Amino acid sequence: MAPSFFTNILYSGTKRNGIDPRLKLCGTKRNADVAFQMGSSKFLENASYAHDEHDDDVQDHTNIKETNFCQDQSMSPFSTQCYSSVLDDANSPWDLLSLSNKPYGQRKIKRTFSMPQTSLDASSLLDGVNVPIRRTSSTNCLPKLRFRDHVMTYTQRYLAAEAIEDAILEHKPMKNEGTVDGMHLVQLLISCAEAVACRDKAHATNLLAELQANALVFGSSFQRVASCFMQGLTDRLALVQPLGAVGLVSPATNINAIGSEKKEEALRLVYEVCPHIQFGHFVANLTILEAFEGESFVHVVDLGMTLGLPHGHQWRALLESLANHHSQSLHRLRITAVGPCVNQFQLIGDELETYAQQLGINLEFSHVKTSLEKLKPEDIKTYENEVLVVNSILQLHCVVKESRGALNSVLKIIHELSPKVLVLVEQDSSHNGPFFLGRFMEALYYYSAIFDALDAMLPKYDTRRAKIEQFYFAEEIKNIVSCEGPNRVERHERVDQWRRRMSRAGFQAAPVKLMAQAKQWLATLEICDGYTIVEEKGSLVLGWKSKPIVAASCWKC
């Protein structure tokens, strides 16, 4: 059970002791102002930048470009889903990440020089549009913000700062150096992210130097995840232009690129150690088997060929199941791999064809050499009387861009193929928000849970864990934190957002009714306690101690 201070009163909308919780924020004049600004439920509805039916065009709501200076400082806490703690220990630094949703405290917080002081007209709270902002410090270099953006900026700073300070006062971990160090790292990371967002290179450089001394690759789970975020912040700072300029400079080459051999090894280790990818394969295969029941001619289109894992693990398991249960009715199985890695796909295809022949299955393997963004309808060849299934394991998030054109194009092509089912497996976290600090906090909370799970599964100095963290998850973190525009491909979104996207593309949800089988499968892995599988609105979600990690959903035309 998470401590009571994890509960966000602003979400609950209830009163305690007969007092409206929003009025309990007025411990100081500054907090009273904030409480007054946030007093309207209509304002909260308008101020939240949480993804809705029109969230893909965020710029229509904010009129601020993706790389705008003050946009980097903005983050809405209302888009952050409240989860309980990833650790049972209330003193753990991991809990501090979930404290970002805690309501404002009653102590006065020291201001930092990264934020200009402002004052607002109370009369302007009614419309929330074109609000005049009287600035008390020089902000000539800043573009004019709308009211909701200004409030979101201050909201994030209050939530992060007060949550950390309150946790330190409430827990008083004077004898636990590890917890104190974890709290200090949280403060350093948030302050450094702020400094990078504000383009304060001098301050950010000093904070990065302190992080480098404390965020150890072989330290505690939070020290290790902090080291990955430190690398991402370092890369982003190197691309930041001076104040007065707009956006980030474009990198000439991929920063900190690692060799393909190390990436392949890290991917293989992730598959063997973590249940994330295996969970997607398990749900996908059972769904495909159900779709192929009693059919003679079947076809699977695999977007990305299951991440390029060697030996085609997912399809070997499918072939075995088909041979055991559907060999009499099945006359032909076709598998089409989509992606640019032709040589790798061909090796996998040759292995699968040989293995299928041993099982007595007629398998035809083919590949389409193209990225998902450049996929055309004629690239996928289909036959009459053939049942088609589309398989996407951690792939479609890469084509979610600022505009919906790329993803809509892919979904339109898939819809025109009229598959019997589309299996969609994606990371269940919001790493595609329009504001840098928002993405940073979401990613810190998400990957903290993953590193905590790795800490429970592998010994401290296990080289496998270092390879998984530094060559796989660290690459995702650095892409989320340091890249913008087309260079940012790790655009994970929550299952609710995918549900809206798929519905707009003409797909209908097909509930995954595999809860019992999934729990039994998880028990047979015998990895460690802490992983959970829950059903959420027809989707199956794999999580670590109540924190969602991967979600699997099915769709039909």
Side-chain angles (χ1 to χ4, degrees), residues 268 271 277-278 280-370 372 375-395 413-425 510 512 514 517 521 552 554-557:
R268 177 181 58 81
Y271 180 81
I277 303 175
Q278 294 185 49
H281 289 177
F282 174 80
V283 175
N285 282 353
L286 287 185
T287 305
I288 293 171
L289 287 172
E290 183 179 353
F292 287 169
E293 182 73 33
E295 300 293 343
S296 300
F297 301 95
V298 294
H299 185 190
V300 178
V301 176
D302 189 2
L303 307 182
M305 197 58 190
T306 58
L307 302 173
L309 281 164
H311 313 303
H313 293 296
Q314 177 180 1
W315 305 126
R316 281 177 172 265
L318 180 68
L319 289 171
E320 293 173 358
S321 299
L322 289 173
N324 294 331
H325 302 287
H326 304 278
S327 58
Q328 296 180 353
S329 61
L330 182 63
H331 293 168
R332 184 187 66 217
L333 168 65
R334 297 176 59 215
I335 297 179
T336 301
V338 179
C341 305
V342 176
N343 295 334
Q344 188 177 18
F345 291 167
Q346 191 59 54
L347 291 174
I348 296 175
D350 293 342
E351 288 187 21
L352 291 177
E353 287 180 344
T354 302
Y355 188 61
Q357 187 177 6
Q358 296 173 359
L359 296 174
I361 296 178
N362 180 20
L363 171 64
E364 295 180 9
F365 183 88
S366 61
H367 57 266
V368 179
K369 184 181 178 180
T370 182
L372 291 180
L375 183 66
K376 299 179 181 178
E378 57 269 20
D379 292 334
I380 308 296
K381 294 180 174 57
T382 59
Y383 300 145
E384 293 183 2
N385 301 324
E386 183 180 67
V387 175
L388 176 67
V389 170
V390 178
N391 182 74
S392 176
I393 308 293
L394 310 182
Q395 292 294 318
I413 293 174
I414 296 175
H415 195 275
E416 290 176 355
L417 294 174
S418 298
K420 188 172 183 179
V421 66
L422 163 63
V423 182
L424 178 65
V425 179
V512 183
L514 302 171
Q517 297 94 317
W521 165 83
C554 296
W555 305 88
K556 59 184 180 180
C557 296

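Keep in mind it's a predicted model, so treat the numbers as computed, not measured. Residues: numbered from 1 along the sequence shown. When reading the values below, keep in mind they use all heavy atoms of this one structure, side chains included, and skip hydrogens, waters and symmetry mates.
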Completion exercise
Taking every heavy atom of A291 against every heavy atom of V387, the minimum-distance pair comes out as O-CG1, 4.1 Å
Handout entry: Spacing of L289 atom CG and N324 atom CG [to the nearest 0.5 Å]
Key = 10.0 Å
Handout entry: Contact check, side chains of L424 and S392, non-hydrogen atoms, under 4.5 Å
Key = yes
Handout entry: Close side-chain approach of W315 and D302, heavy atoms under 4.5 Å
Key = yes
Practice task
Compare all side-chain heavy atoms of V300 with those of F292 and state whether any distance is below 4.5 angstrom.
Solution key: yes
Handout entry: Minimal non-hydrogen separation, C557 against P419, with atom names
Key = SG-CD, 3.5 Å
Practice task
Examine distances only and state if a side-chain atom of R316 and a backbone atom of H311 form a donor-acceptor pair shorter than 3.5 Å.
Solution key: yes
Problem - pair D379-I413: side-chain heavy atoms closer than 4.5 Å - result: no
Handout entry: Nearest-0.5 Å distance, CG of residue L333 to CD of residue E364
Key = 9.0 Å
Exercise for the section: Check whether any side-chain heavy atom of V298 sits under 4.5 Å from a side-chain heavy atom of V389, and report yes or no. Expected result: no
Exercise for the section: Go through the steps to decide whether L303 and I414 satisfy the test side chain to side chain contact (heavy atoms under 4.5 Å, CB included), and finish with yes or no. Expected result: CA-CA 10 Å; L303 307 182; I414 296 175; 3.9 Å; yes
Practice task
Output the distance between atom CG (N285) and atom CG (L514), rounded to the nearest 0.5 Å.
Solution key: 11.0 Å
Handout entry: CD1-CG distance between I288 and N391, expressed to the nearest 0.5 angstrom
Key = 5.0 Å
Result block: side-chain N/O donor-acceptor pairs under 3.5 angstrom for residues 337-349, not counting sequence neighbours:
unit_1: Q344; atom_1: NE2; unit_2: G308; atom_2: O; d: 2.6
unit_1: Q346; atom_1: OE1; unit_2: H367; atom_2: ND1; d: 3.3
unit_1: Q346; atom_1: NE2; unit_2: D350; atom_2: OD1; d: 3.0

Exercise for the section: Kindly indicate whether a cation-pi arrangement holds for R334 with Y383, taking the cut-offs as under 6.0 Å to the six-membered ring centre and within 45° of the axis. Expected result: yes
Exercise for the section: For L307 and L394, run side chain to side chain contact (heavy atoms under 4.5 Å, CB included): C-alpha distance rounded to whole Å, both residues' side-chain angles, the deciding distance at 0.1 Å, then the answer. Expected result: CA-CA 8 Å; L307 302 173; L394 310 182; 4.0 Å; yes
Practice task
State, without any angle test, whether H299 and T336 hold a side-chain donor-acceptor pair at a distance under 3.5 Å.
Solution key: yes
Problem - Shortest non-hydrogen contact from G312 toward L352 - result: O-CD2, 3.9 Å
Completion exercise
Rounded to the nearest 0.5 Å, the CH2 atom of W521 sits from the CG atom of L286 at a distance of 10.5 Å
Completion exercise
So CD1 of I393 and CE of M305: to nearest 0.5 Å the spacing works out to 11.5 Å
Practice task
Please answer whether the main-chain N or O of Y271 pairs with a side-chain N or O of Q278 as donor and acceptor at a distance below 3.5 Å.
Solution key: yes
